[in-house]
Engineer: 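Below are the structure tokens for one structure; questions will follow.
FYI, side chains are in, hydrogens and waters are out, and symmetry mates aren't considered; it's all heavy atoms of this structure. Residue numbers begin at 1 in each chain, while the letters A, B, ... track the order of the sequences. Being a predicted model, the structure only gives us computed values, none of them experimental.
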There are 2 protein chains.
Amino acid sequence: MSIAKRRLSPEQSRTAALAAARELLIETGPQAVTLKAVSGRIGRTHANLLHHFGSASGLQKALAEYLAQSICQMIGAAVIRLRNGEGTPRDIVDMAFDAFDREGAGALACWMLLSGNEDALDPIVEAIHQLVDELAEHAPEGRTLHEDTLSLCTMALGDALMGAQLAGALGLDRDTGRAIAEKQLTASLLSWQEAAATAG
Amino acid sequence: MSIAKRRLSPEQSRTAALAAARELLIETGPQAVTLKAVSGRIGRTHANLLHHFGSASGLQKALAEYLAQSICQMIGAAVIRLRNGEGTPRDIVDMAFDAFDREGAGALACWMLLSGNEDALDPIVEAIHQLVDELAEHAPEGRTLHEDTLSLCTMALGDALMGAQLAGALGLDRDTGRAIAEKQLTASLLSWQEAAATAG
DNA sequence: AAGGTTACTTACATAGATGTCAATAGCAAA
DNA sequence: TTTGCTATTGACATCTATGTAAGTAACCTT
């Protein structure tokens, strides 16, 4: 009766599902990431997703992990490039803002928190933690990026969720938030370099 | 058969419902603000809420309006007090952060956006717009608070949603976000006062 | 080729949220 | 008191998301 599809490896299935979930998240928002919608997009049934992810919140958690890791990898690489004199602070700012905005990390994090599914946020925080730790290894003594990271992530999240509406209401350009963040990060990095020059 | 409760005026009913909805929002999050939960808390039925608010999204929109107006009124008063030499910039920062955090405005705004119910966000943006317009009337020439407002609201929203987790992961105090915002706002206000002193 | 593992499906079950509608009854006005 | 308005309720209907269970079939191993 049932015309079973070609069998995919669990790994392939999970990857396809997460890609579809990510698309839905970015296109239509968190509410659109349902078992039915995701499974439909990859040509399977919702029971299939339950088979692979155990539960709906299992899928959410896996999506969080997937997004957080790929984004943090991207940002980490950019920071290291900046250390080596390639690129500008603006690149970092843009990347962080895009991660929370266009890449859907903001919507995801927000979704997790609001749905009370707080432990599903762990992968995101974990990935940020890991990124910062890694970056700290290359930092000058007595100076960390922690406060800059906090400030940048906070502004990027807020901007992703409400930036467009706020800017519109205030008669400002859409990228005013980015510009402010860039100014702050640049100033902070400059003071850092000066401190390092003085110390060295 | 049915033992009808004492009849309240539509105004009383709406007020009681909105107060209950606000409590639920702050205590348990947006997902808890359902017709059943809200009506149960004020001792009515969910059909009663539908009678007064028309629909579930009608209730949400009314809640948004209610929160936005009360919060903006509070902040506006504080800004004016600051202008008159009473209080510190930190008061403004605290108020904005609390509005998005403890007062539930952040969760509400986020909820609106994520549920695709974007027009329900209008009252919030409208209230902010109104507040800023009102404050602008008392501002020195050629200088507005718009960028400061954007920056403050953005950071307050981001901090409300992810501040605790981020600070924890980065080994920072919970109020680091506020401290950063305070530093920025203070600096901006100082440059404003200097400019005003030079011009005057 | 035979058999076992398991990806996959269909069908069913459940729970919660939203919404409709007719009926009841509190309250004010006549 | 009587009458009209409407706040309020209970019962019912629907829709969506999630989850369960058992059967089917694809693929790998032997």
Engineer: Work out which heavy atom in A/Q69 is nearest to a heavy atom in A/A127; give both atom names and the distance.
Structural biologist: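 It is N-CB, 4.4 Å.
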Engineer: What string of B, S and - do you get for nucleotides 12-17 of chain C, 5' to 3', when a contact is any protein heavy atom under 4.0 Å?
Structural biologist: -----S
Engineer: Just N and O in the side chain of A/N48: are any of them under 4.0 Å from OP1 or OP2 of C/dT9?
Structural biologist: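 Looking at the OP1 and OP2 atoms of C/dT9, one of them is under 4.0 Å from a side-chain N or O of A/N48.
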Engineer: Tell me whether A/L8 is reachable from A/L50 by hopping between hydrophobic residues (I, L, V, M, F, W, Y) whose side-chain heavy atoms are closer than 4.5 Å.
Structural biologist: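 A/L50 does not cluster with A/L8.
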Engineer: What is the nucleic acid contact for B/G54, judged by heavy atoms within less than 4.0 Å: base, sugar-phosphate only, or nothing?
Structural biologist: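 B/G54: no heavy atom of the nucleic acid under 4.0 Å.
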Engineer: Is A/L157 close to B/D159 at the side-chain level, that is, under 4.5 Å between some pair of heavy atoms?
Structural biologist: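 Not touching, per the 4.5 Å side-chain cut-off.
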Engineer: In the structure I gave you, are the side-chain heavy atoms of A/I180 and B/T154 within less than 4.5 Å of one another anywhere?
Structural biologist: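 No; the side chains remain at least 4.5 Å from each other.
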Engineer: Is any side-chain heavy atom of B/T149 closer than 4.5 Å to one of B/L131?
Structural biologist: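 Side chain of B/L131 against side chain of B/T149, heavy atoms only: no contact under 4.5 Å found.
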Engineer: Nearest to the side chain of A/L50, which nucleotide is it out of D/dG19, C/dT9, D/dG10?
Structural biologist: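 Ranking D/dG19, C/dT9, D/dG10 by closest atom to the A/L50 side chain puts D/dG19 first.
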Engineer: Between B/D98 and B/R178, is the salt bridge (charged side-chain N to carboxylate O under 4.0 Å, His left out) condition met? List the steps.
Structural biologist: CA-CA 10 Å; B/D98 282 341; B/R178 288 178 191 234; 2.6 Å; yes
Engineer: Between A/T45 and C/dT9, is there a contact of a side-chain N or O with OP1 or OP2 at under 4.0 Å?
Structural biologist: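 Result: yes.
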Engineer: Figure out the CG/P separation between A/L49 and D/dA17, and round it to whole Å.
Structural biologist: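 Rounded to whole Å, this separation is 13 Å.
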Engineer: What distance do B/H146 atom NE2 and A/L166 atom CG have between them, rounded to the nearest 0.5 Å?
Structural biologist: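 If we round to the nearest 0.5 Å, B/H146:NE2 and A/L166:CG are 11.5 Å apart.
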Engineer: Please report the shortest heavy-atom distance between A/P30 and A/A107, naming the atom on each side.
Structural biologist: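 For A/P30 versus A/A107, the nearest heavy atoms are CG-O, 3.8 Å.
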Engineer: Compare every heavy atom of B/R22 with every heavy atom of B/L63, then report the nearest pair and how far apart it is.
Structural biologist: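 Closest heavy-atom pair between B/L63 and B/R22: CD1-N, 4.0 Å.
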Engineer: Listed in order of residue number, which residues of residues 7-14 of chain A have a non-hydrogen atom at under 4.0 Å from DNA chain C?
Structural biologist: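 Under 4.0 Å from DNA chain C: A/R7, A/L8, A/P10, A/S13.
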Engineer: Below 4.0 angstrom, which residues in residues 18-29 of chain A have at least one non-hydrogen atom near DNA chain D?
Structural biologist: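 Contacts with DNA chain D under 4.0 Å: none.
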Engineer: Can you check whether B/H51 has a side-chain N or O nearer than 4.0 Å to OP1 or OP2 of D/dA7?
Structural biologist: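 For D/dA7, OP1 or OP2 has a side-chain N or O of B/H51 closer than 4.0 Å.
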Engineer: Would you say that A/D173 contacts A/T176 through its side chain, given a criterion of any heavy-atom pair below 4.5 Å between the two side chains?
Structural biologist: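 Yes, their side chains come closer than 4.5 Å.
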Engineer: Quick one: closest heavy-atom pair of A/A167 and A/R174, and the distance?
Structural biologist: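 For A/A167 and A/R174, the tightest heavy-atom pair comes out as CB-CA, 4.2 Å.
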